[in-house]
Amino acid sequence: MNNILRRGRLNKDDPNVLSYLSSMDTDRHIFTADLLVDTAHVIMLAETGTISRDECTHILKGLETIKGGGYDKLDTSYEDIHISIEAKLIEIVGEETGGRMHSARSRNDEVTTCIRLVLRNELLTLLHKLITLRKNMLEIAVENKETLMPGFTHLQHAQPTTLGHHLLAHHDALARDCQRVLGAYIRTNKSPLGSAAFASTGFEIDRERTRELLGFHGLVENSMDAVSTRDFVVESISVFANIMTNLSRLAEEMILWSCEEFGLVELDDSYASTSSIMPQKKNPDTAELMRAKTGTVDGCLMSVLAITKALPMSYNRDLQEVTTHLWRAAAITLGTVNIASGIISTMKINEDKLSLSANTGFSTATELADTIVRTTGLPFRTAHQIVGTMAQGNIHTLEELDRIGMKIIGKKLSDEGLDEELFKGALDIKENVNRRSTVGGPAPLEVSRMINDRNYLLVQEIDTLMEHVNNVQDGMKRLDDVKQSYL
Ligand code: ARG
């Protein structure tokens with residue numbers, strides 16, 4: 001047998017079983033990362049004297065050749081990319097040299113280092129895309145800080161608000177998502193390398209050096225924890241699931257709002273689909289898929305939680321099954337954030353319909369009850385009953401309201417201080433919104449203030465993102481410089 005992994009301990013293999021064991025397909029994602037890990041590891045081995053400088057140079061040259069050939073030149077009959085790359089290296093430089101690369105490490109620390117390297121980039125890309133989406137939202141929110149629309153509870157007309165205030169609500173949820181992405185990034189960007197199988201190694205290695213060469217911010221210190229935890233994967237997918245949940249709520253609104261009955265927005269043609277039989281149809285398929293893919297990401301999270309629960313220390317092959325769900329959930333989330341950005345920045349807003357709709361369903365009832373309290377001194381609960389009775393009777397005038405007042409409290413509200421002007425003011429939707437100027441409310445001035453604050457914070461968040469991106473790039477540059485000095 002010439003399989004470099006199995007030839008010692010095992011005498012037999014079966015292609016069907018090997019294929020069942022294999023992670024080669026999913027490992028496509030970590031091809032480049034694995035070469036980086038190999039590079040940092042062999043440089044450290046040379047620096048600490050485990051291999052010679054010459055051996056290091058030969059190995060690094062071999063790794064360059066493998067990199068040039070790409071994933072597709074690898075022998076995919078191996079059970080994973082780590083062993084396939086090692087086999088290829090031995091084929092290129094011979095076992096006397098190539099066979100030294102795996103000294104002082106295991107695939108257990110290797111694979112989790114690779115996952116962390118790829119995931120940290122995905123998280124930074126996601127953060128960048130989320131920031132772009134939030135910027136788009138803030139721009140549309142500014143333009144629509146006075147665009148009146150119905151606010152809903154239970155999907156029933158509740159009180160008037162503005163589209164600016166509504167979009168800001170979505171923005172703020174995504175702002176919290178950004179904080180969560182950053183938290184996941186900080187805990188992902190740690191080096192487990194040097195933990196070997198789980199018990200570290202008796203070789204004189206330098207974990208700090210490989211950490212530095214790979215641009216990680218700190219170590220996953222305990223070597224047993226380092227190889228066996230996938231909590232950083234659970235954390236990232238749960239962050240993805242949260243983002244998807246927030247975006248699916250936006251998607252649901254796009255679907256509802258673009259239907260004939262609502263008619264509040266129209267999606268751009270590029271984000272719509274049509275019917276193969278009904279020529280008139282313009283369907284919000286992108287938003288529907290955003291909604292559906294949320295379920296897929298939730299499924300990834302459930303899978304990873306179920307796979308990792310109750311695994312004994314330390315490495316178990318079950319962990320291999322986790323990784324596919326991670327890349328799947330990450331790709332879906334990144335794609336969905338892009339689509340959401342596109343949908344909202346290209347949609348047509350039907351301002352007339354929005355304001356018309358804001359005026360229906362007696363959405364000013366709360367303000368009328370509040371006005372009764374403020375002008376007549378009645379308790380809110382009593383005003384609530386009076387206005388509720390008014391709504392039930394489909395009543396619109398102060399005169400008729402007075403009749404209800406007589407029935408319920410034996411007094412006319414107009415005798416108690418509620419004049420025609422106050423009555424009309426309470427029923428005016430624009431006035432309703434303007435009066436809600438307390439912190440966080442929909443009054444245009446307050447929405448403006450909130451948008452300004454958020455734009456200011458966004459600039460700081462971009463700085464933080466750039467700092468992390470630069471740290472990663474500096475790390476990669478440092479690794480490449482050291483590598484070049486050996487080539
Ligand atoms: N393909 C494996 C994974 O993704 C790599 C580690 C295998 N380690 C082992 N001891 N079998 O987890």
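Counting starts at 1 for both ligands and their atoms, in listed order. Note that these values count all heavy atoms, side chains included, but never hydrogens, waters or copies made by symmetry.
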shortest atom 1 (N) of ligand 1-to-protein heavy-atom contact is with Q320 OE1, 2.8 Å

Which heavy atom of the protein is the closest neighbour of atom 6 (C) of ligand 1, given with residue, atom name and distance? Y315 OH, 3.3 Å

Name the option, out of V111, I115, N108, I81, that contains the heavy atom nearest to atom 8 (N) of ligand 1. N108

Member of D480, D481, D474 meeting the salt bridge (charged side-chain N to carboxylate O under 4.0 Å, His left out) criterion with K477: D481

Tell me whether the NZ or CZ atom of R116 lies within the 45° cone about the ring axis of F216 and under 6.0 Å from its centre. no

Based purely on interatomic distance, does D27 place a nitrogen or oxygen under 3.5 Å from a nitrogen or oxygen of ligand 1? no

Ligand 1 atoms nearer than 4.0 angstrom to some heavy atom of D80 are 1 (N), 2 (C), 5 (C), 7 (C)

Relative to Y185, does R120 satisfy both conditions: NZ or CZ under 6.0 angstrom from the six-membered ring centre, and within 45 degrees of the ring's axis? no

closest protein heavy atom to atom 11 (N) of ligand 1 is R107 NH2, 3.4 Å

Under 4.0 angstrom from ligand 1, any heavy atom of T323? no

Short side-chain to backbone donor-acceptor contact, D206 and E208, under 3.5 Å: yes

Salt bridge (Lys or Arg N to Asp or Glu O under 4.0 Å) between D75 and K88, intermediate numbers included: CA-CA 8 Å; D75 179 351; K88 180 65 101 200; over 6 Å; no

Pick one of side chain, backbone, both or neither for how E79 approaches ligand 1, counting any non-hydrogen atom pair under 4.0 Å. neither

Any donor and acceptor pair, going by atom type alone, linking the side chain of S223 with main-chain N or O of F198 inside 3.5 Å? yes

